[in-house]
Amino acid sequence: QVHLVESGGGLVQAGGSLRLSCAASGRTFRSYAMGWFRQAPGKEREFVAAISWSGGSTYYTDSVKGRFTISRDNAKNTVYLQMNSLRPEDTAVYYCAASTQGAVITTPLGYVYWGQGTQVTVSS
């Protein structure tokens, strides 16, 4: 069992930055690929970024490439999402998720454990 807790969300102006953190419990964290997803009101949950168990592979949805960076610290059981040059369309609840596989996965169906989400609001 893995318990995930996100933090770092908030209100920011367009062009600003936020760093989301996801703290995980459980000794098996370091063997799991991790992902960030987001869901805006009235929309389906969408993939944002993912990182392999070692951190050696990352993948991003096109709309955040060059602006967002996913990273992990396995010693701290934490995964991060650095978000720069934020846009109003980035406004959503952001969710951290853990896959029991080690490789990068972009579909929500590949993730077993989910956090409760953290709100990110970008004002124009």
Side-chain angles (χ1 to χ4, degrees):
Q1 187 74 16
V2 175
H3 184 57
L4 304 174
V5 179
E6 302 98 333
S7 61
L11 173 64
V12 64
Q13 288 187 333
S17 298
L18 285 173
R19 188 175 83 153
L20 305 183
S21 298
C22 174
S25 65
R27 294 176 293 175
T28 52
F29 167 81
R30 60 191 64 195
S31 66
Y32 292 167
M34 300 294 295
W36 286 97
F37 292 78
R38 65 187 180 187
Q39 188 166 18
K43 295 187 177 181
E44 294 187 354
R45 191 169 297 188
E46 66 168 346
F47 170 78
V48 176
I51 188 166
S52 63
W53 71 274
S54 66
S57 296
T58 58
Y59 194 81
Y60 301 90
T61 193
D62 285 346
S63 63
V64 308
K65 285 180 181 177
R67 299 189 299 124
F68 291 11
T69 303
I70 188 171
S71 61
R72 67 189 297 162
D73 185 339
N74 285 343
K76 295 182 178 180
N77 276 17
T78 303
V79 63
Y80 305 96
L81 186 67
Q82 177 67 43
M83 305 186 296
N84 299 328
S85 302
L86 282 162
R87 304 166 180 169
E89 54 263 40
D90 294 318
T91 295
V93 177
Y94 282 71
Y95 297 90
C96 169
S99 168
T100 55
Q101 300 183 43
V104 166
I105 300 174
T106 62
T107 171
L109 296 177
Y111 290 84
V112 177
Y113 304 105
W114 291 83
Q116 82 289 347
T118 186
Q119 177 69 47
V120 172
T121 302
V122 184
S123 63
S124 57

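Worth knowing before you read on, the calculation uses all heavy atoms, side chains too, and leaves out hydrogens, waters and symmetry mates.
By the rule that hydrophobic residues join a cluster once side-chain heavy atoms approach within less than 4.5 Å of another member, Ile51 and Phe68 end up as members of one cluster. Both Val48 and Leu18 belong to a common hydrophobic cluster when Ile, Leu, Val, Met, Phe, Trp and Tyr are linked at side-chain heavy-atom distances under 4.5 angstrom. Met34 and Trp114 are assigned to two separate hydrophobic clusters, defined by single-linkage of ILVMFWY side chains at heavy-atom distances under 4.5 Å.
Scored by the salt bridge (charged side-chain N to carboxylate O under 4.0 Å, His left out) test, Glu46 finds Arg38 as partners (sequence neighbours excluded). Under the side chain to side chain contact (heavy atoms under 4.5 Å, CB included) criterion, Lys65 pairs with Tyr60, Asp62, not counting sequence neighbours.
Both cation-pi conditions hold for Arg72 and Phe29: the charged atom is under 6.0 angstrom from the six-membered ring centre and inside a 45 degree cone around its axis.
Between Tyr111 and Phe37, the two ring planes are perpendicular [angle over 60°; tilted spans 30° to 60°].
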(request) Walk me through it: do Arg45 and Tyr95 pass the test side-chain contact (heavy atoms from CB on, under 4.5 Å)? (result) CA-CA 9 Å; Arg45 191 169 297 188; Tyr95 297 90; 3.5 Å; yes
(request) Assess whether side-chain contact (heavy atoms from CB on, under 4.5 Å) is satisfied between Met83 and Asp90, documenting all intermediate values. (result) CA-CA 10 Å; Met83 305 186 296; Asp90 294 318; over 6 Å; no
(message) The test is side-chain contact (heavy atoms from CB on, under 4.5 Å); show your working for Tyr80 and Asp73 and say whether it passes.
(response) CA-CA 8 Å; Tyr80 305 96; Asp73 185 339; 4.2 Å; yes
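The shortest side-chain heavy-atom distance between Ser99 and Tyr32 does not fall under the 4.5 Å cut-off. Side-chain contact between Tyr113 and Thr100: present, with at least one pair of heavy atoms (C-beta onward) separated by less than 4.5 Å. Side-chain atoms of Gln119 and Thr91, non-hydrogen and from C-beta on, do get closer than 4.5 Å to each other. Residues Cys96 and Trp36 are in side-chain contact: their nearest non-hydrogen atoms beyond the backbone lie under 4.5 Å apart.
In the displayed structure, Gln82 atom CD is contacted under 6.0 Å by more than 12 heavy atoms of other residues, nucleotides or ligands.
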